[in-house]
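Down below is the structure, laid out as structure tokens.
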Amino acid sequence: MEQLPPLFGEPYETQDGTTVIPVSRPVGVFAIREGQVKWEPAVDATRVALLAVTTGLVAATLGTLAVLRRPPWPDVSLRR
């Protein structure tokens, strides 16, 4: 039988008295301070910001191309 990796890491205490327990799935930590438990997910803010900027640049590029390379049919009119 395959043994699964541990879900929780070794708890440790910070200088301000907070006990931190690392968690492997989902990635983050439980922080215990003054009897209160708080889940803090490990989020890479740089990656989130890079994704947002890239999405904005792609949207701006597509919008610019749509305006500059308009198809001819909006200017076509029917003659009777």
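Sequence positions, counted from 1, serve as the residue numbers for this chain.
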- Message: I need the D44 CG to L50 CG distance, nearest 0.5 Å.
- Response: 9.5 Å

- Note on the structure: Students should find that the hydrophobic cluster of V20, defined by side-chain heavy atoms under 4.5 Å apart, otherwise consists of Y12, V29

- Query: Minimum heavy-atom separation for F8 to I21, with atom names?
  - Reply: CD2-CG2, 4.0 Å

- Task: Look at the side chain of T18 and the backbone N and O of A31, then say whether any donor-acceptor pair between them is shorter than 3.5 Å.
- Result: no

- Item | side chain to side chain contact (heavy atoms under 4.5 Å, CB included) against V43, all qualifying residues, sequence neighbours excluded | P41, V48

- Task: Please report the closest heavy-atom contact between V27 and W39, naming both atoms and the distance.
- Result: O-CZ2, 3.8 Å

- Does atom CD of E10 have more than 12 heavy-atom neighbours, drawn from other residues, nucleotides or ligands, at distances under 6.0 Å? no

